[in-house]
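Here is the structure we will look at.
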Amino acid sequence: MSERRKAYPFDRFESKWQRLWDERQLFHVPNPGEAGFDSTKPKFYILDMFPYPSGAGLHVGHPEGYTATDIIARYKRMRGFNVLHPMGWDAFGLPAEQYAIKTGQHPAITTRENVAKFKSQLKRIGFSYDWTREVNTTDPRYYKWTQWIFLQIYNSWFNPETNKAEPISSYRGADPDSVRLAYVAEVPVNWCPELGTVLANEEVIDGRSEIGGHPVVKRPMRQWMLRITAYAERLINELEGLDWPQGIKLLQRNWIGRSEGAEINFQIDNHDAHITAFTTRPDTLYGGTFLVVAPEHSLVDLIVTEEQWPAVREYRERTACKSDLERADLSKEKTGVFSGAYAINPANNEKIPIWIADYVLLGYGTGAIGGVPAHDERDLEFARKFDLPLAVVVQPTGNEPAIGFTGDGIAMNSPIINGLTSAEARKKITAWLEEHGHGKRAINYKLRDWLFSRQRYWGEPFPVVWEDGQYRKHRALNENELPVVPPELEDYKPTGTGEPPLGKAKDWIRYSDKATRETNVMPQWAGSCWYYIRFCDPQNDRRFVGEEPERYWMGGENNETRMMNDEGMTKHEAGNSSFVIGHSSLPRARGGVDLYVGGTEHAVLHLLYARFWHKVLFDLGHLSKPEPFQRLVNQGIILGEDNQKMSKSRGNIVNPDEVIDEYSADAFRCYEMFMGPLEQMKPWSMRGVEGVSRFLARVWRLMMDENQAGEWELSPRIQDIASDKSQLKLVHATIKKVTEDIESLSFNTAISQMMVFVNGFTNVERIPVTAMRMLLVLLNPFAPHLTSELWEKVGAKFRVEPAEITQQPWPSHDEALLVEAEVEIVVQINGKLRARLKVATDASEETLKAAALALPKIAEAITGKEIRKVVIVPNKLVNVVTN
RNA sequence: GCCGAUGUGGCGAAAUGGCAGACGCAACGGACUUAAAAUCCGUUGGGCCGUAACAGGCCCGUGCCGGUUCGAGUCCGGCCAUCGGCACCA
């Protein structure tokens, strides 16, 4: 196999073209004001999710999305856009640090090596990135600005009046630290002993760490938090205008988890205090027969009676030991303990017992609930376990039993709201509660504030110091003190105590006589939260991004000239004619990245965090639009040949390098796209690669012959002659299909059409050079090396300007050439195909009907039957309906 | 349990409500070759009828059941299966 001759001599020219593209800086796009910037062109910002450069190198999943965006980037350039298509490295993170722990090698070295490997692999595939814009999150010139953004967040607060972030100086309250968007809290966190760090909720899956699958326990620690919850409402509402898959929007909405209801105050019997409970069903208030508070609730200490203390203490200790996994285990029975105290149900003034149970979570709502066993599954289960009373207060509208009915019905046994529908009842009782000072309308979110510190080495240090003795008062550094560079360390191991590894760098920690540095570092998400902004102006050392480049690349909302250009650009010479095809279906920019392609795994993590940061920076006037990514597309996962997820243990991993060695980079690219729809999950097939490589070889041999000496030369079949009618039709049908399919990201069918084209010219003795040129232009975004080489060969004999294929304008098709004089009409009887008919195109309905009924087969079939109706679709079919 | 996506030949897949299976893979047959590989040409959803052989014809078929329609892979309702997400969120 390995010694088999290559299907075509790609190994002789692929690296040549990659080198030439580099040398000629062909894909470098200048910023406004820079040399070579063309302001008459519209912009298009097309972005990939930048990778974490792991030691294992690229696998075939990465280049799937990258190939799709590269095709569009190349296509858009040919359509006359200024295309921003950058790549960089999300290089902070655990693996490099773990490697450092094992070997003592500094993570920066590992990172540099891995980046070099990834970069060379990407270059081998022939991606047209503007490498002058490469960024690396671990570069001090980059993370200086990550730290700067943290300072912006730290130095601002969310003003509920204006519904946006403002400088902290505009806050009039007593304690600004209590409202900062970045704040310190002693919170129960997800502590992972194995990794020696805390993790965000998003990084914990089923009570285990997402990375490594180690157990995670709850433990209170001093942590930096970002007040993302302040933006919950906007993060939901502003999803609306984005061109994202509905599923991803839904995932984010569910993650944020908005629910509307009421907070109700329950007076504690014999105490001058009350417990506030959140509920989405205030209409069931009369059914509340007990109260449950979370074990960690602050009022527990106050209300528990003498005789109940031992039981409560024991219960609290027991729940504290539980992992999240155990606590969330639904299959297990509910647990809880009576506090000894009672509260008053404000609706009916009844005394109800207060229980303590871990099915109530401290982190959601108020950490206390009113138990309504008749109309809530969990409360019902709890009530049955501990023999608490039930009260039915909602009458189901159907035949369901009232006990355990959780839907909306009619309120009953509830004097204030009897007879009302649940929706009406909710409104009325909430108004009643507000009126009597027993509660108020409230909205709650599942979304928690973002736990933003990590006890690690390989991350961005916080630009913060602690003054007045250890951990007393935090103070942000000045901008001019950035970047804060992490110290060199001998030993990167976690301390195991929760004290971050940076704590070992005694000299570094000491900031001044009375101040020490913060030793936590930022999570990996920090760098990826804004890299797409930095790409607009990556070399800027005075600002995180220049105002003009930001406005140009992220501004969106095309002005008149841009609109005109977008349309006008399609007007190019195409074969023998010019014709403008329909407008682009890729959306017009409304701000932000025009197209962002990446995996679904980032649906709620990266994409939510980045939106949050973007909005803060927008509010503070640093950015021109409120959303970072206008259009999002998720590529599907590529499975192994065995239809299983690719993994080392299954031994089904496909290495791009090997595929390229054997079949060429172009075949690799084309196969990745030919496999199926971009967004679909699909299995790899080496046979499939071979098939696509055969197609590319056919393109090669269409234009090249091998002479006696075994050298390839331009085939004498290629001649400067006109295409015949059917060839012209094929050319234009292909222009149309390929253009439309690229616009709709249907790359697989675009390739199919080009296969049809090539099949049509196989064994043709005299091939019109114009048709071949057209094929090369259309195929160029998919197979840039092959088409560049052939373009050059063809150009050597038949001169054409410009000499570089990547600078060719994209053609448009002539609809008139697609119309045949005659069309075949399908004739059906009662919807079943019975005959075919050739008629002149655009024949009238009468003509069609007459011709169809005159067909012997049809005439015969309808003899003796009544024709009830004849359906006629011009140029398509005739359907005769009989009885 | 809730939410979402998907379900079409031996396989990857195509199909503005209008000829189901384009294109590719695999398989089979043929040409070229001493032979093979490569290449080129052809056949290829299932069943039945038909013919000496072609030609030709009929029926069934897009997970299952029903509906709308002259006509449904496509639209509507209900199931089933697979995958993904969330999961005591009050």
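In what follows, chains are A, B, ... by sequence order, proteins preceding strands, each numbered from 1.
A donor and an acceptor atom, one from each side chain of A/Asn265 and A/Thr276, are located under 3.5 Å apart. In the model, A/Ser664 has a side-chain atom that pairs as donor or acceptor with a side-chain atom of A/Tyr8 under 3.5 Å. For the residue pair A/Tyr445 and A/Thr229, no side-chain donor N or O sits within less than 3.5 Å of a side-chain acceptor on the partner. Judged by distance alone, the side chains of A/Asn634 and A/Glu679 never bring a donor and an acceptor atom under 3.5 Å apart.
At a cut-off of 3.5 angstrom, counting only N and O atoms as typed in the model, there is no donor on one side facing an acceptor on the other between the side-chain of A/Lys446 and the base of B/rC86.
Nucleotides B/rG57 and B/rG17, compared at atom P, are 30 Å apart to the nearest Å. A distance of about 12 Å separates the P atoms of B/rU44 and B/rG21, rounded to the whole Å.
Just one of A/Ile403, A/Leu380, A/Leu390, A/Val392 meets the side-chain contact (heavy atoms from CB on, under 4.5 Å) condition when paired with A/His375; it is A/Val392.
If you check every strand for non-hydrogen atoms under 4.0 Å, A/Arg834 touches sugar and phosphate atoms only. Counting any heavy atom pair closer than 4.0 Å across all strands shown, A/Pro245 reaches no nucleic acid atom. Within the nucleic acid shown, A/Val292 has no heavy atom closer than 4.0 Å to any nucleic acid atom. If you check every strand for non-hydrogen atoms under 4.0 Å, A/Asn748 touches sugar and phosphate atoms only. A/Gly691 comes within 4.0 angstrom of sugar-phosphate atoms only, judged by non-hydrogen atoms across all strands, and of no base. Among the protein residues, A/Leu250 comes within range of the sugar-phosphate backbone only, with heavy atoms under 4.0 Å from sugar or phosphate atoms but none that close to a base. Using a 4.0 Å heavy-atom distance criterion, A/Ser685 is classed as making no nucleic acid contact. A/Lys857 comes within contact range of the sugar-phosphate backbone alone, with a heavy-atom separation under 4.0 Å but no base atom that close.
Every residue two or more places apart in sequence or in another chain was checked for a salt bridge (charged side-chain N to carboxylate O under 4.0 Å, His left out) with A/Asp666, and none qualifies. Taking the salt bridge (charged side-chain N to carboxylate O under 4.0 Å, His left out) definition, one finds that A/Asp379 meets it with nothing, sequence neighbours left out. Partners of A/Asp642 by salt bridge (charged side-chain N to carboxylate O under 4.0 Å, His left out), not counting sequence neighbours: none found. In terms of the salt bridge (charged side-chain N to carboxylate O under 4.0 Å, His left out) criterion, residue partners of A/Lys737 (sequence neighbours excluded) are, by chain and number, A/Asp741. Annotation: side chain to side chain contact (heavy atoms under 4.5 Å, CB included) contacts of A/Ala442 (sequence neighbours excluded): A/Glu263, A/Phe278.
Pairs of residues two or more places apart, or lying in two chains, that qualify as salt bridge (charged side-chain N to carboxylate O under 4.0 Å, His left out) and include a residue from residues 282-297 of chain A are A/Arg281-A/Asp283, A/Asp283-A/Arg426, A/Glu296-A/Arg327.
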Donor-acceptor pairs under 3.5 Å, side chain of residues 754-765 of chain A to any protein atom, not counting sequence neighbours: which ones?
{"from": "A/Asn759", "atom 1": "OD1", "to": "A/Arg698", "atom 2": "NH2", "distance (Å)": "2.7"}
{"from": "A/Asn759", "atom 1": "ND2", "to": "A/Met755", "atom 2": "O", "distance (Å)": "3.4"}
{"from": "A/Thr762", "atom 1": "OG1", "to": "A/Val758", "atom 2": "O", "distance (Å)": "2.8"}

Could you tabulate the donor-acceptor pairs under 3.5 Å formed by side-chain atoms of residues 825-833 of chain A, not counting sequence neighbours?
{"from": "A/Asn830", "atom 1": "OD1", "to": "A/Thr882", "atom 2": "N", "distance (Å)": "2.9"}
{"from": "A/Asn830", "atom 1": "ND2", "to": "A/Thr882", "atom 2": "OG1", "distance (Å)": "3.3"}

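Stem regions for RNA chain B, each three or more consecutive Watson-Crick or G-U pairs with both distances under 3.5 Å and listed by first number, read B:1-7 with B:80-86, B:10-12 with B:23-25, B:27-31 with B:39-43, B:45-49 with B:56-60, B:63-67 with B:75-79.
One N or O on the side chain of A/Arg717 and one on the backbone of A/Leu702 form a donor-acceptor pair closer than 3.5 Å.
Nearer to the 5' terminus of RNA chain B, by closest-nucleotide assignment, is the contact made by A/Gly688 (compared with the other of A/Val880 and A/Gly688). Annotation: of the two residues near RNA chain B, A/Thr280 and A/Gly247, the 5′-most nearest-nucleotide partner is A/Gly247.
Among the nucleotides B/rA90, B/rA13, B/rG57, the one closest to the side chain of A/Thr279 is B/rA90. Residue A/Phe674 has its side chain nearest to B/rC23 when only B/rC70, B/rC23, B/rA13 are considered. Comparing atom distances between the A/Ser752 side chain and each of B/rC88, B/rA90, B/rC23 picks out B/rC23 as nearest.
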I'd like a list of close polar pairs between nucleotides 77-85 of chain B and the protein, N/O only, cut-off under 3.5 Å.
none

Below 3.5 Å between N/O atoms, which protein atoms pair up with nucleotides 18-20 of chain B? Just atom names and distances, please.
{"from": "B/rG18", "atom 1": "N2", "to": "A/Gln828", "atom 2": "OE1", "distance (Å)": "3.3"}
{"from": "B/rG18", "atom 1": "N2", "to": "A/Asn879", "atom 2": "ND2", "distance (Å)": "3.4"}
{"from": "B/rC19", "atom 1": "O2", "to": "A/Arg836", "atom 2": "NH1", "distance (Å)": "2.4"}
{"from": "B/rC19", "atom 1": "O2", "to": "A/Arg836", "atom 2": "NH2", "distance (Å)": "3.3"}
{"from": "B/rC19", "atom 1": "N3", "to": "A/Arg836", "atom 2": "NH1", "distance (Å)": "3.2"}

Can you pull every protein N or O that's under 3.5 Å from an N or O on nucleotides 39-44 of chain B?
{"from": "B/rU39", "atom 1": "O3'", "to": "A/Arg701", "atom 2": "NH2", "distance (Å)": "3.1"}
{"from": "B/rC40", "atom 1": "O3'", "to": "A/Asn763", "atom 2": "ND2", "distance (Å)": "3.2"}
{"from": "B/rC41", "atom 1": "OP1", "to": "A/Asn763", "atom 2": "ND2", "distance (Å)": "3.3"}

